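Residue numbers run from 1 in the order of the sequence given. Values in this document were obtained by computation on a predicted structure and should not be read as measured data.
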Amino acid sequence: MSNDRWNAVDTYFTDHLAPADEALTAALEASDAAGLPQIAVAANQGKLLHLLALTQGARRILEIGTLGAYSTIWLARALPADGQLVSLEYNPAHAEVARGNLARAGLDKTVEVRVGAALDSLAALEAEGAGPFDLFFIDADKVNNPNYVEWAVKLSRPGSLIIVDNVVREGAVADAASEDPSVVATRRMVELVGEHPRLTATAVQTVGVRGYDGLLLARVQG
């Protein structure tokens, strides 16, 4: 089956189930204009994040990897009026674009974008007693995914949901001989999750406008 067919199916689902609005469209346009990489989640995947946050009843969300805040907007819209989302972004230029997009969406009071290396920001959150968070969305540099998952568990509560994006790597995750640092780290993360005494998880493959990839979902146990 061709990529064109995948894209057509994504477009069909998006048109009927996750149509764009002014803020989401503007977020993508502003990101493109600023030269950000076109790696934001697809619209139907953004809607999935939104529905997972609603189903979780999330009041506090932690996102690792803001980019232009497209996924952030989807997640933040699932929060109650007094909810909060903290998003961690390494690149100051990306964070500036994200803040503008969040302000345009009316979410600048709901979302805090923190700039810096995520591992430093995560340690700062722990020191501040910022947790627990109800939902985590991890979509940043892949080589640190094992560390990000460990931090998510530290900042979680029983019942928290951890979502890790881009875990299939176009099928390369199944290649034990791969020397690609992102694949090696993703495999280490998957194995860590599978062996972790406080996590129960699965992973699913996806195809569509973002190609062949997938995500991992883990629930924190008591």
[X] bridged to [Y] by N-O distance under 4.0 Å:
| X | Y | answer |
| --- | --- | --- |
| Arg99 | Asp108 | no |
| Asp120 | Arg114 | no |
| Arg169 | Asp180 | no |

Take atom [atom1] of [X] as the centre, draw a 6.0 Å sphere, and report whether it contains more than 12 heavy atoms from other residues, nucleotides or ligands.
| X | atom1 | value |
| --- | --- | --- |
| Glu179 | CD | no |
| Gln56 | CD | yes |
| Gln221 | CD | yes |
| Glu170 | CD | no |
| Tyr212 | OH | yes |

Are [X] and [Y] connected in the hydrophobic side-chain network, where two residues link if heavy atoms are under 4.5 Å apart?
| X | Y | answer |
| --- | --- | --- |
| Leu161 | Phe136 | no |
| Val149 | Leu155 | yes |
| Leu75 | Leu217 | yes |
| Leu79 | Leu125 | no |
| Ile138 | Val190 | yes |

Any sub-3.5 Å donor-acceptor pair from [X]'s side-chain atoms to [Y]'s backbone N or O?
| X | Y | result |
| --- | --- | --- |
| Glu89 | Leu67 | yes |
| Ser156 | Val153 | yes |
| Ser160 | Phe133 | yes |

Discussion item. One pair to check against side chain to side chain contact (heavy atoms under 4.5 Å, CB included): Tyr70 and Val41. What are the steps and the verdict?
Written reply: CA-CA 8 Å; Tyr70 182 76; Val41 299; 3.9 Å; yes

For the atom pair [atom1] ([X]) and [atom2] ([Y]), what is the distance rounded to the nearest 0.5 Å?
| X | Y | atom1 | atom2 | answer |
| --- | --- | --- | --- | --- |
| Leu62 | Leu122 | CG | CG | 6.0 Å |
| Leu48 | Leu17 | CG | CG | 12.0 Å |
| Leu36 | Asp32 | CG | CG | 8.5 Å |
| Leu199 | Leu192 | CG | CG | 7.5 Å |
| Thr206 | Asp213 | OG1 | CG | 5.5 Å |
| Leu52 | Leu54 | CG | CG | 9.0 Å |

Item to complete: Could you check Leu24 against Trp74 for side chain to side chain contact (heavy atoms under 4.5 Å, CB included), going step by step and ending with a plain yes or no?
Response: CA-CA 8 Å; Leu24 289 168; Trp74 278 110; 3.5 Å; yes

Item to complete: Given side chain to side chain contact (heavy atoms under 4.5 Å, CB included), test Glu22 with Thr25 step by step and report yes or no.
Response: CA-CA 5 Å; Glu22 184 178 348; Thr25 299; 6.0 Å; no

Note, [X] side chain near [Y] side chain (heavy atom, < 4.5 Å):
| X | Y | value |
| --- | --- | --- |
| Met189 | Leu216 | yes |
| Val167 | Val173 | no |
| Phe13 | Val9 | yes |
| Gln45 | Leu49 | no |
| Glu191 | Thr186 | no |
| Val164 | Ile162 | yes |
| Ile61 | Phe137 | no |
| Ile64 | Asp139 | no |

Exercise: identify the closest heavy-atom pair between [X] and [Y]:
| X | Y | answer |
| --- | --- | --- |
| Glu63 | Ser87 | OE1-OG, 2.6 Å |
| Ala34 | Val97 | CB-CG2, 3.6 Å |
| Val193 | Ala201 | CG1-CB, 3.4 Å |
| Val168 | Val204 | CG2-O, 4.2 Å |
| Arg104 | Ala27 | NH1-N, 4.4 Å |
| Ala30 | Asn101 | CB-OD1, 3.4 Å |

Discussion item. Once ring pair (Phe, Tyr, Trp, His ring centres under 6.0 Å) is applied, what residue pairs with a partner in residues 147-198 remain, sequence neighbours excluded?
Written reply: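 The answer is none; no pair qualifies.
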
Discussion item. Under 3.5 Å, is there a donor on one side chain and an acceptor on the other for Asp141 and Asn144?
Written reply: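 Looking only at side-chain atoms, Asn144 and Asp141 do form a donor-acceptor pair, the distance falling under 3.5 Å.
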
Fill in: Side-chain donor-acceptor pair present, Gln84, Thr110, cut-off under 3.5 Å
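Per modelled atom types, Gln84 and Thr110 side chains form no pair under 3.5 Å.
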
Worksheet item: How far apart are the C-alpha atoms of Arg210 and Asp165, what are their side-chain angles, what is the distance that settles it, and do they pass the salt bridge (charged side-chain N to carboxylate O under 4.0 Å, His left out) test?
Response: CA-CA 12 Å; Arg210 291 295 179 261; Asp165 201 10; over 6 Å; no

Worksheet item: Yes or no on side chain to side chain contact (heavy atoms under 4.5 Å, CB included) for Thr66 and His94, after CA distance, side-chain angles and deciding distance?
Response: CA-CA 8 Å; Thr66 316; His94 293 182; over 6 Å; no

